[in-house]
Amino acid sequence: MFTQTPPIEPIAPAYHVRILTDEQLEQFRAGTFQLLERTGIQCPSERALDIYAEHGADVDFENRIVRLPADVILDALAQAPRHYTMGGRSEAFDLDLSKPVTYEATDGTGTKTIDYASREMRASIKDDVAKSARVADYLSSISFYWPMVSAQDRPIAPSLHELDASFNNTLKHVQTPTVVEETTARYAIEMARVVAETEESLRSRPPLSLLICTIAPLAQDAGAMEAALVAAEAGVPVGFMSMPNTGSTAPATIAGTLAVGDAEIVSALVLINMAFPGAPVYHSFMPGMTHPRTGAYLAHDGYVYAIGVELAHMWGVPTLAGTFGSDAHTLGWEAGMGGGLTSFLCALCGAETGSGMGLLQGSTLLHPDALVLDAELYRRAQSDAAGLDTSPDHLALDVIHAVGPRGHYLRERHTRDFLRKTDFSDVVHITDEKGGYRDPFLVARQKTDWILENHHPEPLSESQQAELTRILEAAENELT
Amino acid sequence: MSVDAIFQSILERKRSDIAPLVQAEIDAGTEISVILNDGLIGAMDVVGRQFGDGLLFVPELLVAAETMKTGLEVLRPKLVGSEITNRGTVVIGTVQGDLHDIGKNLVSMMVEGAGFAVVDLGVDVAPERFLEAAREHRPQVVGLSALLTTSMPAMRRCIELFEDAEIDVKIIVGGAPVNQEYADEIGADGYGSDAPGAVRLIKRLVTET
């Protein structure tokens, strides 16, 4: 028996903000043009270099440097769709990027797990992907799923095992950041085709998308770019994430960091739409700040990620915003410090998608209860962004008149109706028998345990499961 | 001390000054060991302590190390065939699947600046390549670096390979996503939280062996 997956509930902002002025956006556009034409980008993929050269780029094959004139950039990006659909297993879980909402995803891909049962920390395994996918499947705040940790117990083709565990345990769209070379990408697309069931569906509602990281500053990885080309050819969306580190792999200024990162991303978006005009792509700016005394990667304040949203839209493509994610080592004040606010700000800037829920220690540690707690932050951001309903029913002037001065509203039907409609948290403000409130960490743990015990999403058909297993075995044989 | 100017140029991170200063000391007949130990290595000890005390930021540490390395390059021809011996040999590299090398290069320079011979294997280094280098150079320590969480498992594979091959060498790990817990979990002999920390760790491990 399976249980129904609750519907997804993206953030639907009723109002918006702009951080950069038009003049500032134009500065960044001109900066990217200048960097890509003058400095260029290093691209070690022969296939990619050939594509760049065939479409008007100035390619230095010896040093593998690509320089892109502005008109070549614009011609390619003009082919990229502004909106498209990222499919769930059923249409109810599709992400329609033309809607004015922000869909959120889990974080990935960590290497450690605090075990769901023993609560001991250990290396992550495939079953952690399966369990976290089930928790994410249950939570309405999670609209799509990143495999949260690495399947380290599957040393051959771990990224494909992560996809296998994901597709089998959630009806939601799956986005992977770990398919980063051509052969693995071919198998991943084959797996997505099984889930989509038809070639037409794979293209119109792809159940999988890829996320490829560029290398800061101003470089691409050969294997990853070739994986991206495989996905784009199949119609599977590909995003490019730049992670420049302010003060080490980027200048020690936010604007300089944005300039480096945007140029990297644009160079990759251009390649994909040179090779496959109209291929769905997205822009993702996820910079860090260099810790001045350790060099470690620290998260920036929220507005930096929200500016990434504005840059994506300037180029006419959707975005994946960095909305959650914490450097904190354990659950607590620090872990909750930025997620909700950044998510809120990115949504107000019009982000189509965002990711980062549920991991600690700089996206390396899966804590069983972190998803449920981040869902609370999300719920707050969602509520804050939703605006206010001032329809007569909500303004309630008739009820106020009927109760009059010095009365109360407890016996009014209006009160009973609307209190029932209010979205109260099931994690905070839960009363205990002593008249106080229960510890939200304990409530979150109880909720996580309940989900794992009771929520079993609709499985793939037996033939689909068998086919995924066959693909995995073929991949393992080839990659051994 | 006749090598004060060399010492100071490292502390003040004057990259363009150090080569002529080292050359002048060589020409003046100052003992090579004095230039090396009192000038270059001595200054890097101070730099390491300043960093540990929170007085220096990473970019300042990097430029100090580069200044030292520039001076060392001038001195290197004189070291060949001299009686000055290294404190030991360290093989270092960024593990397979990872192309990041800023941290690894900094550690490499700091370790060299502490008087060790360093064999830098570069980036995206397969476990088999680390093993091959260990057999060839017989280091006391092998250093594994990673920036990506996705490449951290390659550290584990490398350590397992060394265990299977029964190579007697200390393996240490470092990099932004790595910590002591992870080092313990995968059976590493040590974890360096930063470049000076890696130098201290290597000195300790080499003393123990």
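Protein chains get the first letters and strands the later ones, always in sequence-line order, with residue 1 at the start of each.
A donor-acceptor contact shorter than 3.5 Å links the side chain of B:Asp120 to the backbone of B:Gly122. For the pair B:Asp189 (side chain) and B:Ile171 (backbone), a donor-acceptor distance under 3.5 Å is present.
The number of heavy atoms from other shown groups lying within 6.0 Å of NZ (B:Lys14) does not exceed 12. Within 6.0 Å of NZ in B:Lys170 there are 12 or fewer heavy atoms belonging to other residues, nucleotides or ligands.
Contacts of B:Leu56 with chain A are made by backbone atoms alone, with heavy-atom separations under 4.5 Å and no side-chain atom involved. Heavy atoms closer than 4.5 Å to chain B are found in the side chain of A:Met121, but not in its backbone. Both the backbone and the side chain of A:Ala123 come within less than 4.5 Å of a heavy atom in chain B.
Using a 4.5 Å heavy-atom threshold, the side chains of A:Val179 and A:Leu163 count as touching. The closest side-chain heavy-atom distance from B:Arg87 to B:Val206 is not below 4.5 Å.
In this structure, B:Arg135 does not pair ionically with B:Glu132, as no charged nitrogen and carboxylate oxygen lie closer than 4.0 Å.
The candidate with the highest count of non-hydrogen atom pairs below 4.5 Å against chain A, out of B:Ala195, B:Pro59, B:Gly54, is B:Gly54.
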Please tabulate, one pair per line, the donor and acceptor atoms of chain A and chain B that lie under 3.5 Å from each other, or say none if there are none.
residue	atom	partner	partner atom	Å
B:Gly54	O	A:Arg293	NE	2.9
B:Gly54	O	A:Arg293	NH2	2.9
B:Val58	N	A:Pro292	O	2.6
B:Thr149	OG1	A:Thr109	O	3.0
B:Glu185	OE2	A:Ala123	N	3.3

**From CA spacing to verdict: side chain to side chain contact (heavy atoms under 4.5 Å, CB included), B:Val111, B:Ile92** = CA-CA 10 Å; B:Val111 172; B:Ile92 191 169; 5.7 Å; no
